[in-house]
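Computed from a prediction, not measured in an experiment: that's the story for all the values here. Atom set for the values below is all heavy atoms of this structure, side chains included, hydrogens, waters and symmetry mates excluded.
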Amino acid sequence: QSLCNIPIVFILSKGADPMRDLQKLAEQHNIIQQNKFKYLALGQGQAPLAESLLELGSSRGYWVVLQNCHLAPSWMPSLEKIIENFNPDHINPSFRLWLTAMPSKDFPMSILQNGVKVTNEPPKGIQANLRQTYQSLDNQWFESCSKQAEFKKSMFALAFFHAIVQERRKFGPLGWNIPYQFNESDLRISYAQLQMFLNGPTSNDNDGDKDNGNKLPWKQLKYMTGQLNYGGRVTDDKDRRTLMTILDNYYTPKLINTKKYKFSTSSLYFVPQFNNSSSPGGEISEYLEYISTLPLIDDPEVFGLHDNANISCAISEASGVLSNALMLQPRDNAGSGDMTPDQVIIKLAKDIESQLPELYDIPSVQQKYPVSYSESMNTVLVQELLRFNRLLGVVKKSLNDLQKAIRGEVVMSAELEKLGDSIFNLQVPSLWAQVSYPSLKPLGSWVKDLLDRLSFFQAWIDNGQPPVYWLSGFFFTQSFLTGALQNYARKYEIPIDELIFTFEVMSSFGQDLNNESDNYMDKLDKYISKMSPPEDGCYVYGMYLDGASWDWNNNRLNESKPKQLFCSMPIMWFKPTRMSKISKEYKSMNKYACPVYKTSTRAGSLSTTGHSTNYVLTTELPTNKPEKHWVLRGVAMLTQLDS
C-alpha cells in the first residue's frame, strides 16, 4: 500500500523498462482516462519542468513519473528537499510520485530508505523473453491488422529478434562489443510500425517475391527497425553490422513464403503454423502454448555462435565473482606463509624493479634514426620510445616511493596504498594503467609482456628495422600503420589518401613465431633474423583469432576447435595499394572483413587523436563461407590475450 507522501522508486536494470507496466496500472486505476498520468525524462535543463510538475501534481492528484533520475545528479539534492517537505495534510491523497533510476551513488540515500523500492529484472532466455512479449499484448490490437497472417508471422519474427539481441549480451564481446540496453520500448515501436506498414497501401519498392500477393516493404521495415529503433542505441559500427545481419534473418520474404520458417539450423526454433486456429495466423494463447515448448537453456547456435561461446560466457561470469570476492578479502591477515603483507609487497616491488631496464636514450636514437622524408618508421620509433619512457618512469618512481612509504621514510598516500593493494593482489595498478597501453593481463603477465615490448624496440635500435614487425608490441599501433602507408606513398609519389591496405595471409611461412613459450629475443634469434622483408608494405605477426580458427592447409578461416577459444594467426602481409589499382581477382575473392582489437573487451573510447583506444583496423581474411556466418560468430582478431 503506497502513500501520497512516500515515493515509489524503480531500480532499473539493463533491458528492463517499467513504463509499460506502470501505464497499465494507471489504466486500471482510471488515472490515464482522467488525464492525470504525467511523466518526464530527466536530464540537462529539465529541473524547472520537474519542479513545476511536482507542485501541480501534488495539488491535483496526478501520478508523476520522473524517469532516469541518475541522469540528473545535480538536481537530486533539490528533489530530496522537496520530498522531505511533503506533508500528507497538504497533498492530494491521489498523488503518487514514481522515480526510475539506475544504481547511482548520486541518488539520495534518504529517498531510498524511506521510499518503496521496486525492481523489474529483464527475462532471461529466449523462451522467457517471448512469453513476456506475448503476455503483454492486447488481443484486440493483435487481431486488428488487415493482413493478419502476414502480420502475426512477422510479429513473431520481430519478437524473436528482440529476444536474440537481448540475450547476446551474456556472451560478452562475442555478442556485442558494447552491451546495449535494448528494452521493450524498442520492440513496441517496431511492431507498431510493422502493423502500420501492413495496414497501409502495398509498397511497390520491395525485395519480396513478385509472384506472391503478400508483398511486404522489407527494405523500409529493415531500415526503421534496424537503423532507427534498435540501431539508435548502437554506437559501434561493427555492432551495427551485427545487428543488421541478425535482422536479415528475421525480416525476409522467406518468412512469409516458407512453411514453418526456421530461425536456426536446428529444428527447435521456427515460426509456428496454426492450421486449425479460429483466427488467421493464430491466437495469442496458441503462440504462448508453442513458446512453452521452447528450451529453457538456449544453445549458442540459435544466436549464430559457436558452442565455445558457452565457455566464454562461463569464464566471464566466474571472473566477475572472483573479482568481487578478491575485493572483499582483508589484506591484514592475508600474508604469504611467515611473511606479512607489507613484506610480500616489498618483495614483489623489488622483483619488478630489478627486471626493468634503463630509460631509452632518445637523443642517441634520434641521431642514429633521424627524421627522414623517405623513412617514416624512424619517426614512429622515436615516438614509441617516448611513450615507453613515460611508462617506465612512472613505474620506477612509484615502486621506489612505495618501498619508502612501507619503510616509513615517506608518507603513505592514498595513491601509494592503492598501488600496494594492486601489487599484493597481482593486478596492474591503476596508476600504471593510466599511462600504459590497453591490457587485461594480470600483473605477472603484464610485466613479462612489457619486457618483451622493450626488447622489441631495443633490438630495432641495435639492428635496424625488423623484417617482421610484432604488431602487439606497439604502444600506438595506428602510427605504425600510417608510417607504412606513408613510406609507400612517398616512394611512388601517390597521395596517401588514395591508399588502403590489402592483406595476404602467409600460412606458408609456418607457425614458428606462434610459440608462446619463447620471448621476443628468442624468436628474433631463431626465426625473425633469418627472414627478409617484403619490397613494399610490411610483414606483421602477433594476432589471435577470437571466435574462429585458422585452416593452415587451405589458408582460410575455419570453425573454432572444441574448447579452443583463441587461435594464433600466421604472419600477414599488409600491402599498401592504390584504391583504383585493386585487382578484380582480389575484389572477387570471398573475404570476411575482420576487425582487429588490442584487447578482448573490444570496446574502446575515442582518444584525443581521433582513434579508438582499442580498435586497430579491419583486415580481410579469405573464407569459403558467407561473410554473415562470421559476423554472427562475432569473429575478430586480438593483438594480445588476457593471460
Inset, instruction - Assess whether salt bridge (charged side-chain N to carboxylate O under 4.0 Å, His left out) is satisfied between Asp237 and Arg241, documenting all intermediate values. - result: CA-CA 6 Å; Asp237 63 328; Arg241 178 180 69 165; over 6 Å; no
Legend entry - side chain to side chain donor-acceptor pair (under 3.5 Å) between Thr577 and Thr502, intermediate numbers included: CA-CA 6 Å; Thr577 309; Thr502 54; 2.8 Å; yes
Inset, instruction - Check the pair Phe501 / Tyr488 against ring-ring contact (aromatic ring centres under 6.0 Å, His included), numbers first and verdict last. - result: CA-CA 11 Å; Phe501 280 116; Tyr488 186 88; 9.4 Å; no
Inset, instruction - For the pair Phe509 and Met531, evaluate side-chain contact (heavy atoms from CB on, under 4.5 Å) and give the outcome as yes or no after the intermediate values. - result: CA-CA 10 Å; Phe509 283 10; Met531 301 176 70; 3.6 Å; yes
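Annotation: side chain of Lys591 is not in contact with side chain of Pro622 (no heavy-atom distance under 4.5 Å). Residues Met572 and Tyr541 fail the side-chain proximity criterion, which asks for heavy atoms closer than 4.5 Å. The shortest distance between side-chain heavy atoms of Leu450 and Leu391 falls below 4.5 Å. Between Leu426 and Leu348, the closest side-chain pair of non-hydrogen atoms falls below 4.5 Å. Counting only heavy atoms from C-beta outward, the side chains of Pro467 and Ile528 approach each other to under 4.5 Å. For the pair Tyr597/Met637, no side-chain contact is recorded, criterion being any heavy-atom separation below 4.5 Å from C-beta on. Using a 4.5 Å heavy-atom cutoff, the side chains of Val344 and Thr340 are not in contact. Counting heavy atoms from C-beta outward, Gln640 and Thr599 have side chains that approach closer than 4.5 Å.
For the residue pair Asn614 / Thr601, a side-chain donor-acceptor distance below 3.5 Å is found, with atom types taken as modelled. Side-chain atoms of Glu409 and Gln403 form no donor-acceptor pair, as typed in the model, at a separation below 3.5 Å. A donor-acceptor contact closer than 3.5 angstrom links the side chains of Ser110 and Glu80. With 3.5 Å as the limit, one finds a donor-acceptor pair spanning the side chains of Trp550 and Ser507. Residues Asn308 and Gln564 have side chains that never bring a donor and an acceptor to within less than 3.5 angstrom of each other. No donor-acceptor contact under 3.5 angstrom links the side chains of Trp176 and Thr242, judged on distance only. Judged purely by distance below 3.5 Å, without hydrogens or angles, the side chains of Tyr615 and Thr618 pair a donor atom with an acceptor atom. A donor atom on one side chain and an acceptor atom on the other are not found under 3.5 Å apart for Ser372 and Asn378.
Rounding to the nearest 0.5 angstrom, the gap separating the CD atom in Glu167 from the CZ atom in Phe303 is 5.5 Å. The OG atom of Ser422 lies 9.5 Å from the CG atom of Leu431; values are rounded to the nearest 0.5 Å. Distance CG/Leu356 to CG/Leu454: 8.0 Å, rounded to 0.5 Å.
Centroid-to-centroid, the aromatic rings of Tyr539 and Tyr469 stay 6.0 Å apart or farther. Aromatic ring centroids of Phe480 and Phe475 lie 6.0 Å or more apart. For an aromatic pair to be called close, the ring centres must be under 6.0 Å apart, and Phe574 with Phe503 satisfies this.
Among all heavy-atom pairs drawn from Met521 and Ala459, the shortest one is SD-CB, 4.5 Å. Pairing each heavy atom of Pro357 with each of Leu451, the nearest pair is CD-CD2, 4.2 Å. Scanning both residues, Leu305 and Gly634, for their nearest heavy atoms gives CD2-N, 4.4 Å. The minimum heavy-atom distance linking Phe107 with Cys69 is given by the pair CE1-CB, 3.8 Å. What you find for Gly537 and Pro576 is that their closest heavy atoms are CA-CD, 3.3 Å. What you find for Val411 and Ala405 is that their closest heavy atoms are O-CB, 4.2 Å.
No salt bridge links Asp236 with Arg602; every basic N to acidic carboxylate O contact stays at or beyond 4.0 Å. A salt bridge is absent between Lys347 and Asp351; no separation between the charged side-chain nitrogens and carboxylate oxygens falls under 4.0 Å. Salt bridge status for Lys396 with Glu353: absent, with no side-chain N to carboxylate O gap under 4.0 Å. By the 4.0 Å N-to-carboxylate-O rule, Asp512 lies too far from Lys523 to be salt-bridged with it. Salt bridge present: Glu559 and Arg633 bring a charged side-chain N and a carboxylate O closer than 4.0 Å.
More than 12 heavy atoms of other shown residues, nucleotides or ligands fall within 6.0 angstrom of atom NZ in Lys368. Residue Lys117 qualifies as enclosed at atom NZ: its count of foreign heavy atoms under 6.0 Å is above 12. Annotation: Glu415, atom CD; neighbour count of heavy atoms from other residues, nucleotides and ligands within 6.0 Å does not exceed 12.
Just one residue in the list Leu402, Asn400, Ile406 forms a side chain to side chain contact (heavy atoms under 4.5 Å, CB included) with Lys404, and that residue is Asn400.
Between Trp630 and Tyr592, the two ring planes are tilted [angle within 30° to 60°].
Relative to the six-membered ring of Phe182, Arg233 misses at least one condition, a distance below 6.0 Å or an angle of at most 45° to the axis. Geometrically, Arg168 does not engage Tyr180 in a cation-pi contact, judged by NZ or CZ lying under 6.0 Å from the ring centre and within 45° of the ring axis.
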